[in-house]
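So you know, we letter chains A, B, ... as the sequences are listed, proteins then strands, and number each from 1. This structure is a prediction, so every number in the text was calculated from the model and none was measured.
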2 protein chains.
Amino acid sequence: MNKSSTFDPDTLTPGARRILDTAAELFYENGITAVGVDLVAARSGVTKRTLYNRFGSKDTLVATYLLERDRRWRALVMRCVDARTAAVERIVAPFEALREWSADNPRGCAFINALAELPDPGHPAHRIALDEKRWLRDLFERSAEQAGAEHPADLSERLFCLHEGALAMQATAPDVDGAHIAAGLAHEVARAAL
Amino acid sequence: MNKSSTFDPDTLTPGARRILDTAAELFYENGITAVGVDLVAARSGVTKRTLYNRFGSKDTLVATYLLERDRRWRALVMRCVDARTAAVERIVAPFEALREWSADNPRGCAFINALAELPDPGHPAHRIALDEKRWLRDLFERSAEQAGAEHPADLSERLFCLHEGALAMQATAPDVDGAHIAAGLAHEVARAAL
DNA sequence: GGGAATCTTCACAGATCAGTGTACGAAGGA
DNA sequence: TCCTTCGTACACTGATCTGTGAAGATTCCC
């Protein structure tokens, strides 16, 4: 029995796993509101009844989708950060992660899109999306501190701004490699602040 | 008779004017999909029939809402640009416009939100949103050219990235003044490129 | 063999949504 | 006076959406 607003994406029944994979693809590609549970169930090769038996509600399915995406993104970022030793390189590592991530995710940031689609601040997706952003800002700040930056908070806010800009550019300027541009700027900003 | 996908927001009957004003507020605050035409009509003090007699469809109303917002934004930007003479100041003027704009628009960029909510590329809102972004990029590039920048396209892409980042931060980091941070960065980037 | 968990089948409820048809009233210009 | 424009009143359609109820099949573990 799970009454919470999300499920642990790592411990799912086979059917639930297929549902979540299908939902992740459909929600990201076509938008959360535009995709109905009937479609998710049909494309998963599963009954709608199973979907509700596993997830309880569409909102919970949406939240679980975002939660898993969050975990995958954080893991990728930490892999990039840990692979580097130089202070500046560690600071800008999330931008390298973003370049990798962007290749498979051309429709911008799933969390920003979710915030836009679900205006109700009480929706569980809000907390997940805001937590993800907060986590990245804090990571920037920790890296800046460890690099000996004079004003780690200022630097982290600047880097975060560049990161959000790169993500937004995927949707608003598809002809330009936003992640590449932001990465270049991030290097300069970080070097200047150290 | 108007068969196009938008109406000229400057030539509207009194009823249509009220409908568009109400729709603009509701769509921006609560999201386009979440707001039904019944609510828009009721809040405008108008019948749903009048809404459809004036605008023909919800999609057209949405497109007209975005079109008017686009015009207001462009007018504000041009006012800020024209008020300055120094080359660098003219380049970063849109960021000053953004600081003014952000005060009344805390839910991020209406165009990005519309793109997230309406995944169908054929929706008239898409063209309007992408045109708006393209216009700003071109404005940055023209300003960079006039200032004698060595690589105007590169500079404009960087400034655009900062601009998109500032907008996205409104939704993802409400505790920080994204427009202020981006404006500071834009100054440095512009000066370095001249 | 017994029992629990997983998933299927399928009809159905209840709500909401965009959009329409028709008839009518009021104002203003030619 | 006639005609057009603008708006009202209100019922109604057809589609779609989330979510439920109840009964049965399969699998796997004890």
Contact under 4.0 Å: T13(A) side-chain N or O vs dC7(C) OP1/OP2: yes

Under-4.0 Å side-chain N/O to phosphate OP1/OP2 contact, T47(A) with dT8(C): yes

Nearest-neighbour nucleotide for the R54(A) side chain, dT9(C), dG19(C), dC7(C) considered: dC7(C)

Distance-only polar pair, side chains of T33(B) and E117(A), donor-acceptor under 3.5 Å: no

Pair R69(A), N105(A): side-chain N/O donor-acceptor within cut-off below 3.5 Å: yes

ring-ring contact (aromatic ring centres under 6.0 Å, His included) partner of Y65(B), chosen from F55(B), F7(B), F27(B): F27(B)

For atom CG of N53(B) and atom C1' of dA18(C), their distance in whole Å: 15 Å

Atom-to-atom span, CG of L39(B) to P of dG19(C) - whole angstrom: 16 Å

Touch class at under 4.0 angstrom, heavy-atom based, for V35(A) against every strand present: sugar-phosphate

Short heteroatom pairs, N/O only, protein and nucleotides 20-27 of chain C, under 3.5 Å:
unit_1  : atom_1 : unit_2 : atom_2 : d
dG21(C) : N7     : R49(B) : NE     : 3.1
dG21(C) : N7     : R49(B) : NH2    : 3.4
dG21(C) : O6     : R49(B) : NE     : 2.9

Counterpart residues, ring pair (Phe, Tyr, Trp, His ring centres under 6.0 Å), relative to F95(B) (two or more places apart): F140(B)

Test ring pair (Phe, Tyr, Trp, His ring centres under 6.0 Å) applied to W101(B) - qualifying residues, sequence neighbours left out: W73(B)

Nucleotide interval of DNA chain D bounded by contacts with chain A (heavy-atom cut-off, under 4.0 Å): dT18(D) to dA22(D)

Backbone N/O of R18(A) and side chain of T22(A): donor-acceptor pair under 3.5 Å: yes

Set of side chain to side chain contact (heavy atoms under 4.5 Å, CB included) partners for D38(B), sequence neighbours left out: K48(B)

5' priority, DNA chain D, between D38(A) and G15(B) [closest heavy atom]: G15(B)

Remaining members of hydrophobic cluster (4.5 Å side-chain criterion), I112(B): none

